[in-house]
Protein chains: 2
Amino acid sequence: MRKSIGRLMAILHRQSQIYYNNTLKDLNISSAEYPFLLYLFSRDGASQEEMSCYLNIDKAATARAVKSLEEKGYVTREKADSDKRVNHVFLTEKANEIELAMKKKITGWSDLLTEGMSGESIEEMTQILEEMVNKVEKRNIRNKTEDKR
Amino acid sequence: MRKSIGRLMAILHRQSQIYYNNTLKDLNISSAEYPFLLYLFSRDGASQEEMSCYLNIDKAATARAVKSLEEKGYVTREKADSDKRVNHVFLTEKANEIELAMKKKITGWSDLLTEGMSGESIEEMTQILEEMVNKVEKRNIRNKTEDKR
DNA sequence: CTCAATTGATTGACATATCAACTATTTTAA
DNA sequence: TTAAAATAGTTGATATGTCAATCAATTGAG
């Protein structure tokens with residue numbers, strides 16, 4: 001039976017969610033939430049829009065994940081002065097305290113996937129996946145502009 | 001910002017669901033259902049357990065997807081004589097009629113992803129993904145047997 | 001300037017998937 | 001042989017994500 005790229009990636013995605021939910025359980029962080037924290041560790045104060053776009057996650061899902069992180073005490077939200085529609089999201093001290101522990105746990109998944117692969121091979125793989133994402137995004141933009149005509 | 005393999009695959013997975021839901025809408029088939037039909041086109045009469053295992057999808061999700069396909073008239077279910085716990089799932093005539101149309105639509109996604117890649121490169125990519133899935137499955141089996149101790 | 005279009009965020013309805021608990025069978029081991 | 005364990009499937013609770021509708025704020029074209 002042919003194993004298609006799509007099916008294989010679907011399996012890896014589902015399994016990754018199971019993995020993250022398990023390993024992050026003791027930090028009280030879910031598989032839906034960690035990508036936002038991860039992004040904020042690099043770009044504290046990012047807007048929800050910015051994160052939605054970068055992570056390719058629906059803005060509704062973003063709103064809910066950020067709200068949940070706020071309730072858990074990992075982030076705070078502030079409306080921008082320059083544009084009151086925008087929420088800037090900031091890490092709390094509680095979030096900074098778990099940064100290393102969280103990153104370590106998250107790395108575990110990539111390590112499992114790339115176990116036994118050369119650094120070169122991993123780099124190439126990442127490159128190809130990035131190109132695939134680019135193709136999809138290009139197609140989405142094309143379809144979107146078509147909608148308006 | 002580092003684009004990790006996990007994040008890229010998550011994006012491609014989410015986008016693929018959107019793609020399949022859109023393109024299969026006119027056949028009244030959802031992104032959750034098509035993998036089962038696809039499997040049955042190769043192995044008509046498979047059990048739910050067999051499909052759950054091959055597709056790495058929870059047996060509860062399988063039960064619901066198959067039930068939905070039954071309600072839509074694409075499959076029928078029969079309890080096995082030899083083991084009354086087992087459901088064998090069979091394609092209906094209605095399913096066979098749409099086989100080609102469905103496969104064509106599904107191929108569209110892989111084609112988009114692999115556009116511009118050499119056959120060799122695609123083969124290599126598939127190979128690597130398969131190895132990743134194997135590593136994850138091995139780890140799952142390891143954890144499972146540990147649970148029993 | 002001003003009114004229509006756009007944008008960022010929120011909410012409700014729904015789809016998909018997991019986990020845990022349960023039922024009904026079948027298998028296994030004492 | 002029979003009681004316990006395992007297996008296939010179902011169901012309920014819950015988590016994640018999409019879409020569509022809505023709101024408020026901003027932008028831009030005439």
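Each chain gets a letter, A, B and so on, in the order the sequences are listed, and its residues count up from 1.
When the side-chain nitrogen and oxygen atoms of Ser30(B) are compared with OP1 and OP2 of dT16(C), one or more of them lie within a distance under 4.0 Å. Put simply, Asn21(A) has a side-chain N or O that comes within less than 4.0 Å of OP1 or OP2 on dT16(D). Neither OP1 nor OP2 of dA8(D) sits under 4.0 Å from any side-chain N or O of Ser47(B).
Separating the CZ atom of Arg77(B) from the C1' atom of dG9(D) is a distance of 9 Å, rounded to the nearest angstrom. Rounded to whole Å, the distance from CD on Gln48(A) to C1' on dC23(D) is 15 Å. Whole-Å rounding puts the Leu24(A) CG to dA15(D) P distance at 16 Å. Atom pair Tyr34(B):OH and dT16(C):C1' shows a separation of 13 Å (rounding to whole Å applied). In this structure, CG of Leu69(B) is placed 16 Å from C1' of dG9(D), rounded to the nearest angstrom. Between the CG atom of Asn87(A) and the C1' atom of dA25(D) there is a distance of 13 Å, rounded to whole Å. One can place CD of Glu49(A) at 14 Å from C1' of dA25(D), the figure rounded to the nearest angstrom. What separates CG of Leu55(A) from P of dG17(D) is a distance of 10 Å, to the nearest Å.
Checking each of Leu91(B), Thr92(B), Val75(B), Thr76(B) against Leu69(B) for a side-chain contact (heavy atoms from CB on, under 4.5 Å) leaves exactly one that passes, namely Val75(B).
Taking the C1' atoms of five terminal pairs at each end of the helix from dC1(C)-dG30(D) to dA30(C)-dT1(D), the two resulting helix axes are inclined by 20°, rounded to 10°.
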| request: Quick one: do Tyr54(A) and Arg43(A) satisfy side chain to side chain contact (heavy atoms under 4.5 Å, CB included)? Show the steps, please. | output: CA-CA 12 Å; Tyr54(A) 176 76; Arg43(A) 296 231 207 290; over 6 Å; no
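A distance-only check finds a donor-acceptor pair linking the side chain of Thr126(A) to the backbone of Ile122(A) [under 3.5 Å].
Here the closest non-hydrogen pair linking Phe36(A) and Ile57(A) is CZ-CD1, 4.1 Å.
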| query | Where along nucleotides 17-29 of chain C does protein come under 4.0 Å, by heavy atom, of base (B) or sugar-phosphate alone (S), with - for untouched nucleotides? | reply | SBB----BBS---
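Listed by first and then second residue, the salt bridge (Lys or Arg N to Asp or Glu O under 4.0 Å) pairs that reach into residues 9-29 of chain B are Asp26(B)-Lys105(B), sequence neighbours excluded. Sorted by first and then second residue, the pairs that involve residues 77-92 of chain A and meet salt bridge (Lys or Arg N to Asp or Glu O under 4.0 Å), not counting sequence neighbours, are Glu70(A)-Arg77(A), Asp83(A)-Arg85(A).
Judged as a side chain to side chain contact (heavy atoms under 4.5 Å, CB included), and not counting sequence neighbours, Ser110(A) has no contacts. For Lys72(B), the side-chain hydrogen bond (donor to acceptor under 3.5 Å, both in side chains) partners are Glu33(B), not counting sequence neighbours.
Taking CE of Met132(B) as the reference point, atom OG1 of Thr114(A) lies at 6.5 Å (rounded to 0.5 Å).
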